[in-house]
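What you see is a predicted model, and the numbers here were worked out from it, not measured in a lab. Every number for a ligand or one of its atoms is a count from 1 in the order of the listing. Scope of the values below: all heavy atoms of this structure, side chains included, with no hydrogens, waters or symmetry mates. Numbering starts at 1 and runs along the sequence shown.
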Amino acid sequence: MKNRLLFLGPPGAGKGTQAQQLASVRGLLHLSTGDLLRAEVAAGTELGRQAEAVMARGELVSDALVLAIVRDRLEAQAASGGGGWLLDGFPRNLAQAEALGQLLEELEQPIELVVLMELHDAVLIQRLLNRGRTDDNEQVIRHRLDVYRQQTAPLIQYYRERGLLQPVEADGTVEEIAARIGTAIDGTA
Ligand code: B4P
């Protein structure tokens, strides 16, 4: 069974929703860089202070900050005897993907599958407006979609070339999408 997974897709595609559920069912470490950054903001740490304004504008937090967080968690997981993980919302650009590749090579834990959640902009925008987080107003959402297209979407080709990409239609109910993701993970050799 594949248990080193990465979820890729535009903001609002439901990465967090699906990742949380799947990680809990399969006993994987769920690593959401968005959640980890929001926890730093809530705790008022120096890192949180640096991230807060950037997130409110819908831009990407610096690679160095995000990488430090991810490295910490993955090294701790490897040291505690391994086990699977699910990366949600990371990497978000090519530099992060390259750094992740190096880290996973050091840990001898290569990615087994990248699930790409695909959804139309109109549905994404409506979901995020309904969610209503502080960075979920229409202007910021549109900016996040632009940032996704410019910086994150190139990862689709990056992981396709490495034979890891598995697209999943992310429209429908949470249960329908969970079933599609399960098939994508278990149905690929
Ligand atoms: P994230 O926290 O990653 O959030 P997201 O991409 O906006 O949402 P996601 O796709 O997880 O959707 P969700 O399940 O919540 O990023 C936030 C910010 O953090 C970024 O803009 C950036 O500033 C920063 N950041 C994070 N990672 C970074 C990194 N690696 N580098 C730099 N910066 C980084 O679903 C959205 C809504 O839809 C929810 O309300 C949900 O309930 C609903 N929903 C889900 N599935 C549904 C369904 N099937 N039907 C109807 N509604 C559904």
Q: Specify the protein heavy atom at minimum distance from atom 34 (C) of ligand 1: its residue, its atom name, and the distance to 0.1 Å.
A: Leu37 CD1, 3.8 Å
Q: Ignoring angles and geometry beyond distance, decide whether Phe90 reaches within less than 3.5 Å of ligand 1 through its nitrogen or oxygen atoms.
A: no
Q. Where's the contact between Val61 and ligand 1, heavy-atom distance under 4.0 Å: side chain, backbone, both or neither?
A. both
Q. Which of these, Met55, Gln126, Arg127, has its nearest heavy atom closest to atom 46 (N) of ligand 1?
A. Arg127
Q) Is Arg26 salt-bridged to Asp186, going by a charged N under 4.0 Å from an acidic O? A) yes
Q: Among all protein heavy atoms, pick the one closest to atom 40 (O) of ligand 1 and tell me residue, atom and distance.
A: Arg131 CB, 3.1 Å
Q | Ion pair check, Asp121 and Arg149, cut-off under 4.0 Å | A | yes
Q: Taking atom types as modelled, find out whether Glu98 and Gln102 have a side-chain donor-acceptor pair closer than 3.5 angstrom.
A: no
Q | ligand 1 atoms in contact with Thr173 (distance to a heavy atom under 4.0 Å) | A | 49 (N)
**Q.** Transitive ILVMFWY side-chain link Leu128 to Tyr148, under 4.5 Å
**A.** no
Q.
Closer than 4.0 Å to some heavy atom of Glu59 - which atoms of ligand 1 meet that?
A. 22 (C), 23 (O)
Q | Neighbour count >12 (heavy atoms, 6.0 Å) for atom CD, Glu105 | A | no
Q) Run the salt bridge (charged side-chain N to carboxylate O under 4.0 Å, His left out) check on Asp136 and Arg144 step by step: do they pass? A) CA-CA 10 Å; Asp136 284 340; Arg144 279 157 62 198; 3.0 Å; yes
**Q.** Ile177 touching ligand 1 at heavy-atom level, < 4.0 angstrom
**A.** yes
**Q.** Enumerated ligand 1 atoms positioned under 4.0 Å from heavy atoms of Thr17
**A.** 13 (P), 14 (O), 35 (O), 41 (C), 45 (C)
Q.
Quick test of your reading of the structure: of Gly14, Gly9, Ser32, whose heavy atom lies closest to atom 35 (O) of ligand 1?
A. Gly14
Q: Please confirm whether Gly172 comes under 4.0 Å of ligand 1, counting heavy atoms of the residue only.
A: yes
**Q.** Listed once per pair and sorted, the salt bridge (Lys or Arg N to Asp or Glu O under 4.0 Å) pairs that draw on residues 36-61, sequence neighbours left out
**A.** Asp35-Arg38, Glu46-Arg49, Arg57-Glu59
Q: Check whether any side-chain N or O of Thr152 sits under 3.5 Å from a backbone N or O of Asn93 as a donor-acceptor pair, and report yes or no.
A: no
**Q.** Within-cut-off N or O pair, Thr33 and ligand 1, under 3.5 Å
**A.** yes
Q | Val61 with Leu100, same ILVMFWY side-chain cluster at under 4.5 Å | A | yes
Q. Going by the atom numbers of ligand 1, which of them fall below 4.0 Å from some non-hydrogen atom of Ala13?
A. 10 (O)
Q | Element-labelled atoms of ligand 1 that are located less than 4.0 Å from some non-hydrogen atom of Arg38 | A | 2 (O), 17 (C)
(Q) Can you check which of Arg92, Glu52, Arg57, Lys15 brings a heavy atom nearest to atom 3 (O) of ligand 1? (A) Arg92
Q.
Below 4.0 Å, non-hydrogen atoms only: which portion of Val54 touches ligand 1? Side chain, backbone, both or neither.
A. neither
Q: Looking only at non-hydrogen atoms, find the nearest pair between Asp135 and Ile141 and report the distance.
A: O-CG1, 4.4 Å
Q: To the nearest 0.5 Å, tell me how far Phe7 CZ sits from His30 NE2.
A: 8.0 Å
Q) What about Arg144: any of its N or O atoms under 3.5 Å from an N or O on ligand 1? A) yes
Q: Is it possible for you to check whether Arg160 lies under 6.0 Å from the centre of the six-membered ring of Tyr158, through NZ or CZ, and within 45° of that ring's axis?
A: no
Q. Are the side chain of Lys15 and the backbone of Leu8 linked by a donor-acceptor contact shorter than 3.5 Å?
A. no
(Q) Distance under 4.0 Å to a non-hydrogen atom of Pro10: what atoms of ligand 1 satisfy this? (A) 10 (O)
Q. Looking at ligand 1, does any of its N/O atoms fall within less than 3.5 Å of an N/O of Gly16?
A. yes
Q.
Tell me the contacting part of Met117 for ligand 1: side chain, backbone, both, or neither, using a 4.0 Å heavy-atom threshold, strictly below.
A. neither
Q | Side chain, backbone, both or neither: Arg133 near ligand 1, heavy atoms under 4.0 Å | A | side chain
Q: Mark up the atoms of ligand 1 that fall under 4.0 Å of a heavy atom belonging to Gln96, in ascending order.
A: 29 (C), 30 (N), 31 (N), 32 (C)
(Q) Show me which atoms of ligand 1 lie under 4.0 Å from any heavy atom of Gly89. (A) 27 (N), 28 (C), 29 (C), 30 (N)
**Q.** Qualifying salt bridge (Lys or Arg N to Asp or Glu O under 4.0 Å) pairs with a residue from residues 66-75, counting only residues at least two apart or across chains
**A.** Arg71-Glu75, Arg71-Glu106
